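I have placed the structure first, in the form of structure tokens, so that the comments after it can refer back to it.
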Amino acid sequence: MQKAFGRFSIEPVYGLYGIRKARGFDVYDLPVKDSSCLCKGVKSMNKKYIVQARVFKAMSDENRLKILELLHEKDYNASELLEEMNFGQSTLSHHMRILLSAGIIQSRKNGKWTYYSLQKDAYEDMIAWMQQYL
């Protein structure tokens with residue numbers, strides 16, 4: 001079963017509904033602030049689940065969890081993260097894009113360097129969301 005909303009469609013994903021672009025790109029590739037415009041026509045309750053699913057999906061990779069652990073200690077730029085990780089720049093860029101789009105980390109420019117840090121509000125929201133089930 002598939003429902004279409006403009007250029008976007010809602011498809012069953014593992015028993016839940018996820019929003020995907022008609023061209024097949026995942027909604028998780030888009031910034032969190034854009035999720036509300038992607039969810040037009042979707043019940044507001046489902047919007048909450050879509051945003052939470054994006055966060056948990058971003059945290060479901062061991063490399064991204066290691067990046068988050070490093071960022072817990074201090075702010076890093078890409079070259080410092082690359083020294084700690086055992087993969088190339090393009091892979092790091094891919095992981096950082098996913099973490100940024102999920103709203104788990106934030107970036108700031110300082111001269112020619114971009115520094116990454118944890119987005120504390122996202123973790124507080126995630127903890128509050130999970131506590132309702134405990």
Side-chain angles (χ1 to χ4, degrees):
M1 175 192 329
Q2 189 175 38
K3 299 177 185 178
F5 294 99
R7 293 183 11 213
F8 302 95
S9 63
I10 297 181
E11 303 172 348
V13 180
Y14 302 112
L16 300 173
Y17 284 93
I19 294 182
R20 298 187 181 277
K21 281 187 181 179
R23 286 179 266 142
F25 295 103
D26 212 344
V27 68
Y28 303 112
D29 293 337
L30 301 172
V32 171
K33 63 185 175 195
D34 294 340
S35 67
S36 60
C37 70
L38 293 175
C39 300
K40 289 181 181 173
V42 178
K43 293 179 183 176
S44 63
M45 190 168 118
N46 287 341
K47 292 178 190 178
K48 174 178 70 170
Y49 296 128
I50 291 169
V51 172
Q52 292 299 330
R54 176 186 299 177
V55 170
F56 287 115
K57 181 180 177 181
M59 296 178 74
S60 67
D61 182 82
E62 60 271 5
N63 289 321
R64 291 193 284 271
L65 287 174
K66 184 174 180 183
I67 292 169
L68 292 174
E69 187 176 321
L70 289 171
L71 292 176
H72 178 72
E73 299 167 7
K74 66 173 190 158
D75 294 359
Y76 280 87
N77 64 35
S79 64
E80 293 170 336
L81 284 170
L82 281 172
E83 290 173 7
E84 299 289 335
M85 306 301 285
N86 58 352
F87 48 70
Q89 188 274 329
S90 61
T91 303
L92 177 65
S93 179
H94 168 75
H95 289 305
M96 299 309 283
R97 181 180 53 82
I98 291 171
L99 292 170
L100 282 165
S101 69
I104 298 173
I105 64 171
Q106 58 190 357
S107 64
R108 65 177 167 77
K109 285 286 222 182
N110 188 1
K112 67 177 185 173
W113 299 103
T114 301
Y115 285 87
Y116 299 97
S117 60
L118 294 178
Q119 177 76 328
K120 305 275 191 232
D121 295 340
Y123 290 95
E124 291 170 4
D125 293 344
M126 190 171 43
I127 289 169
W129 185 80
M130 287 190 303
Q131 280 183 339
Q132 68 184 343
Y133 298 104
L134 299 177

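Predicted model, so just to flag it, every value in this text is computed and none were measured.
Distance check, rounded to the nearest 0.5 Å: NE2 of His94 to CG of Asn63 gives 9.5 Å. In this structure, CE in Met59 is found 15.0 Å from CZ in Arg54, a value given to the nearest 0.5 Å. Atom CD1 of Ile104 is separated from atom CZ of Phe56 by 9.0 Å, given to the nearest 0.5 angstrom. Going from atom CG of Asp75 over to atom CG of Asn110 covers 10.0 Å, rounded to the nearest 0.5 Å. Interatomic distance, Asn86 CG to Glu84 CD, rounded to the nearest 0.5 Å: 11.0 Å.
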Do Ile98 and Lys57 pass the side-chain contact (heavy atoms from CB on, under 4.5 Å) test, and can you show the C-alpha distance, the side-chain angles, and the key distance before you say yes or no? CA-CA 9 Å; Ile98 291 171; Lys57 181 180 177 181; over 6 Å; no
Check step by step if side-chain contact (heavy atoms from CB on, under 4.5 Å) holds for Ile67 and Tyr116. CA-CA 10 Å; Ile67 292 169; Tyr116 299 97; over 6 Å; no
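The two residues Gln132 and Trp129 come nearest to each other via the heavy atoms CG-O, 2.9 Å. Looking at every heavy atom in both residues, Gln106 comes nearest to Gln119 through OE1-OE1, 2.6 Å. For the residue pair Arg64 and Ser60, the shortest heavy atom distance occurs at NH2-OG, 4.3 Å. Closest non-hydrogen pair, Ala78 versus Leu92, comes out as O-CD2, 3.5 Å. Of all the heavy atoms in Val55 and Ala102, the pair that sits closest is CG2-O, 3.7 Å. Annotation for Leu99 and Ala58: closest pair CD2-O, 4.0 Å, computed over non-hydrogen atoms.
Leu100 has its side chain within reach of Ser107: a pair of non-hydrogen atoms, C-beta onward, lies under 4.5 Å apart. Met85 is listed as a side-chain neighbour of Leu70, based on a closest heavy-atom distance under 4.5 Å.
When the shell of 6.0 Å around CD of Glu73 is examined, it contains more than 12 heavy atoms from other residues, nucleotides or ligands.
Following chains of ILVMFWY side-chain contacts shorter than 4.5 Å, one cannot reach Trp113 starting from Leu118, and the two form parts of different hydrophobic clusters. Hydrophobic clustering of Ile, Leu, Val, Met, Phe, Trp and Tyr side chains at less than 4.5 Å, counting indirect connections, unites Met126 with Tyr133. Hydrophobic clustering (ILVMFWY, side-chain heavy atoms < 4.5 Å, transitive): Tyr115 and Met96 are in distinct clusters.
For the pair Ser93 (side chain) and Ser90 (backbone), a donor-acceptor distance under 3.5 Å is absent. In this structure, the side chain of Glu80 engages the main chain of Asn77 through a donor-acceptor pair within 3.5 Å.
In this pair, His95 and Phe87 present their aromatic rings tilted. The plane angle is within the 30 to 60° band.
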